[in-house]
Asks: 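Here it is, the structure in full.
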Amino acid sequence: MASKRAVFFLSMSILFCVGFRHFPNGNAWLLDKSTTSGSKLFVTYPYGSRLIENDLPPDDPAAGTATITIDNVMTSIFNDYNNIAASYLILANENDLDFAGNSTNRMITISEADPNGAFSGGDAQQSRSEPHVIGCTIRMKPEIFQKARILVASITHEIGHCLGLDHPQEITRSVMSYFHSPDDVRLQADDMMGITYLYPTVPSKATESATLGMSCARK
C-alpha cells in the first residue's frame, strides 16, 4: 500500500510540475540588472509606420481602432514583457535613447522571410559566443505583417524563444505552447513565470518549493 501511495504522489508531482520550459543557458545575455540601461534588449523590425488591420479582440489593450501601425503593435508587445513585475528585463526599439551606446551584443532583429522558405509562420535563431547569447534573428513570413492578431501572437512567441523560452507542449494557456488557444495572443501566466525564472529581479523570490506536487522547485 505504501508503495502505491509513493507512485501516486510521484505521478501527481510530475503532473503538476509541467509548465514553462527553457533552453539551457537561455538567459545568458550580457545584461546588467543593476541599471536600467543595462537591463535592456533592443528589438529592430521593419515597416514600423505601416497600417495593418486591427483584428485584436475587444478586450485587448491595443483594440479600439480599425487599423493600427506596426509600431503600435510592437510597443504593446514590449509593454507585455516590460510589465512583468518580478522581472528586470526591458525591451526597447532602436529609437530608445540607450540604443546607440548599449545595443552591441544585445539586439533582436526581426525581418521578413522568403515567402517560399521551408518554415511556416516564424522562426527565431539565437547567436551565441559561449556562454553568452549575443543576438537573435527572427524571420517572419510576409503574411504575418498583415493583421494585428497574428502579428502579436507570432512576435510575442518568437521573442520568447530569443529570451530563452522553449515550447511547453503540455500547456494550453501559454503563448509559447504548440497547443495554446487562438484567443491567447498575449503572454499568459505560464509565460510570465518563465520570464521571471530567467530574468528575476530578486532571484530568491523566483524560487519555488515543492508542496505535495502542487508547485515545482526551481532548478
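Note that this is a predicted model, so its numbers are computed, not measured.
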Asks: Has the side chain of D190 got a donor or acceptor atom that lies under 3.5 Å from a matching backbone atom of F20?
Replies: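 Yes.
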Asks: Over all heavy atoms of both residues, which pair between D71 and S49 is shortest? Give the atoms and the distance, please.
Replies: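 Closest approach of D71 to S49, heavy atoms only: OD2-N, 3.9 Å.
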Asks: Following the transitive rule for hydrophobic clusters with a side-chain heavy-atom cut-off under 4.5 Å over Ile, Leu, Val, Met, Phe, Trp and Tyr, establish whether Y197 and L31 coincide in one cluster.
Replies: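 Yes, Y197 connects to L31 through the hydrophobic network.
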Asks: Are the aromatic ring centres of H167 and H157 under 6.0 angstrom apart?
Replies: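 Yes, the ring centres sit under 6.0 Å apart.
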Asks: Could you give the side-chain donor-acceptor pairs of residues 90-99 under 3.5 Å, partners two or more places apart or in another chain?
Replies:
from: N93; atom 1: OD1; to: N95; atom 2: N; distance (Å): 2.9
from: D96; atom 1: OD1; to: K40; atom 2: NZ; distance (Å): 3.1
from: D96; atom 1: OD2; to: K40; atom 2: NZ; distance (Å): 2.9
from: D96; atom 1: OD2; to: D98; atom 2: N; distance (Å): 2.9
from: D98; atom 1: OD2; to: K40; atom 2: NZ; distance (Å): 2.7

Asks: Less than 4.5 Å apart, side chain to side chain, heavy atoms only: is that true for I108 and I138?
Replies: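 A side-chain contact under 4.5 Å exists here.
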Asks: When you compare the side chain of T201 with that of K33, does any pair of heavy atoms fall below 4.5 Å?
Replies: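 The answer is no, as the side chains (C-beta and beyond) never meet within the 4.5 Å cut-off.
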Asks: Please report the shortest heavy-atom distance between P168 and M176, naming the atom on each side.
Replies: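 Heavy atoms of P168 and M176 come nearest at CD-O, 3.4 Å.
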Asks: Do the side chains of K147 and D55 get close enough for a salt bridge, i.e. N-O under 4.0 angstrom?
Replies: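 Salt bridge absent between K147 and D55.
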Asks: Got a donor-acceptor contact below 3.5 angstrom from the D32 side chain to the G38 backbone?
Replies: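 No, D32 side chain to G38 backbone: no donor-acceptor pair under 3.5 Å.
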Asks: Might you point out which heavy atoms bring R106 and W29 nearest each other, and give the distance in Å?
Replies: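 Where R106 meets W29 most closely, the heavy atoms are CA-CZ3, 3.7 Å.
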Asks: Side-chain contact test, heavy atoms from C-beta onward, threshold under 4.5 Å: evaluate it for Y199 versus L163 and give yes or no.
Replies: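 Yes, at least one pair of side-chain atoms sits under 4.5 Å.
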Asks: What heavy-atom pair brings S76 and R186 nearest, and what distance separates the two atoms?
Replies: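 The answer is OG-NH1, 3.0 Å.
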Asks: Flag the pair Q125 / E158 as yes when at least one side-chain heavy-atom distance between them is below 4.5 Å, and no otherwise.
Replies: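 With C-beta onward as the side chain, the pair stays apart.
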Asks: Is I70 linked to M107 within one hydrophobic cluster, defined over Ile, Leu, Val, Met, Phe, Trp and Tyr using a side-chain heavy-atom separation of less than 4.5 Å?
Replies: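 Result: no, two separate clusters.
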Asks: Compare all side-chain heavy atoms of V133 with those of R128 and state whether any distance is below 4.5 angstrom.
Replies: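 A side-chain contact exists here, since the closest heavy-atom pair is under 4.5 Å.
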Asks: State, with a plain yes or no, whether a side-chain heavy atom of F145 is found less than 4.5 Å away from one of I52.
Replies: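 F145 vs I52: side chains apart.
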Asks: Less than 4.0 Å between a side-chain N and a carboxylate O, is that true for R173 and D183?
Replies: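 Between R173 and D183 there is no salt bridge, as every charged N stays at least 4.0 Å from the carboxylate O atoms.
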Asks: Looking at every non-hydrogen atom in both residues, tell me the closest pair between P58 and A63 and how far apart they are.
Replies: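 Closest pair (atom of P58, atom of A63, distance): O-CB, 3.8 Å.
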Asks: What pair of heavy atoms forms the shortest contact from A62 to N54, and how long is it?
Replies: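 Looking at all heavy atoms of both residues, the closest pair is O-ND2, 3.0 Å.
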Asks: Using the side-chain contact (heavy atoms from CB on, under 4.5 Å) rule, take M140 and I110 through it: C-alpha gap first, then chi angles, then the decisive distance, then the call.
Replies: CA-CA 7 Å; M140 308 298 299; I110 301 172; 4.1 Å; yes
Asks: Please examine the side chains of V185 and V175, heavy atoms only from C-beta on, and report whether any two atoms are closer than 4.5 Å.
Replies: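 Sidechains of V185 and V175: no contact.
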Asks: Out of curiosity, does I144 fall in the hydrophobic cluster containing L187 (side-chain heavy atoms, cut-off under 4.5 Å, transitive links)?
Replies: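 In one cluster with L187: I144, yes.
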Asks: For H161 and F23, take the angle between the two ring planes, folded into 0 to 90°, and tell me which bin it lands in: parallel under 30, tilted 30 to 60, perpendicular over 60.
Replies: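 Ring orientation of H161 relative to F23: tilted.
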Asks: Are I195 and L30 grouped together when hydrophobic residues (ILVMFWY) are joined by side-chain heavy atoms under 4.5 angstrom apart?
Replies: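 No, separate clusters.
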Asks: Would you indicate whether the side-chain heavy atoms of E112 and Y47 approach each other to under 4.5 Å?
Replies: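 They are in side-chain contact.
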Asks: Would L41 end up clustered with F78 when hydrophobic side chains under 4.5 Å apart are linked, directly or stepwise?
Replies: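 Shared cluster, yes.
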